[in-house]
Amino acid sequence: MNKASPGLTWTDDWTAHPHRSDDEAFRHLTPVQYLPYALNTYRVLLTRGTHATRVHTTDPNTHHFLASPIPAQPSTGQP
C-alpha cells in the first residue's frame, strides 16, 4: 500500500507542503518548487501496480478526491 504523504494534499487543486514531506531532502524547497517533484513521485508510484493499487491518506479532502472518481468494486475473489 502506498501512503500519501501529508506533503501533498487536495483542496481545489494539489497543494504542496514540503515541510511535511517524508523525504528530508525536499523540506527546504518552497511549495512551488516541491509540487512537481511530489506529483511526479506519486505518478510513478501509482502507475506501477499490475493488479491493484491502494493509497492511504489521512487528509479528508484528499481522501474524498481520490475516492470519488473510482467507484467501489466488489471483490470477485480472483487474482
Side-chain angles (χ1 to χ4, degrees):
M1 180 181 316
N2 293 315
K3 179 188 84 136
S5 165
L8 185 65
T9 58
W10 178 266
T11 46
D12 289 325
D13 200 358
W14 290 112
T15 305
H17 311 280
H19 62 282
R20 294 173 166 175
S21 174
D22 287 336
D23 191 337
E24 241 179 84
F26 292 110
R27 291 186 190 153
H28 72 282
L29 298 177
T30 67
V32 171
Q33 293 171 319
Y34 177 70
L35 184 60
Y37 290 109
L39 291 174
N40 187 58
T41 298
Y42 286 107
R43 182 190 60 80
V44 169
L45 290 173
L46 295 173
T47 58
R48 294 297 185 245
T50 57
H51 296 289
T53 300
R54 294 182 184 195
V55 178
H56 173 76
T57 180
T58 57
D59 178 71
N61 290 330
T62 305
H63 174 81
H64 179 70
F65 173 74
L66 293 174
S68 63
I70 306 169
Q73 299 290 321
S75 176
T76 62
Q78 297 178 359

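- Linking Ile, Leu, Val, Met, Phe, Trp and Tyr whenever their side-chain heavy atoms come within less than 4.5 Å puts L35 and Y42 in one cluster.
- Atom CH2 of W10 is separated from atom OG1 of T57 by 13.0 Å, given to the nearest 0.5 angstrom.
- Legend: residues meeting side-chain contact (heavy atoms from CB on, under 4.5 Å) with Y34, ordered by chain and number and at least two apart, are A16, P18, S21, F26, L29, A38.
- A 4.5 Å side-chain heavy-atom check between H17 and T9 finds at least one atom pair inside the cut-off.
- The minimum heavy-atom distance linking H19 with R27 is given by the pair O-CD, 4.1 Å.
- Nearest approach of W14 to L8, heavy atoms of both residues: CE3-CG, 3.7 Å.
- The heavy-atom pair separating Q33 from T30 by the smallest distance is OE1-N, 2.9 Å.
- D12 is linked by a side-chain contact (heavy atoms from CB on, under 4.5 Å) to nothing, counting only residues two or more places apart in sequence or in another chain.
- Other residues, nucleotides and ligands contribute only 12 or fewer heavy atoms inside 6.0 Å of the NE2 atom of H63.
- Annotation for F65: atom CZ counts as buried by contact number, over 12 foreign heavy atoms lying within 6.0 Å.
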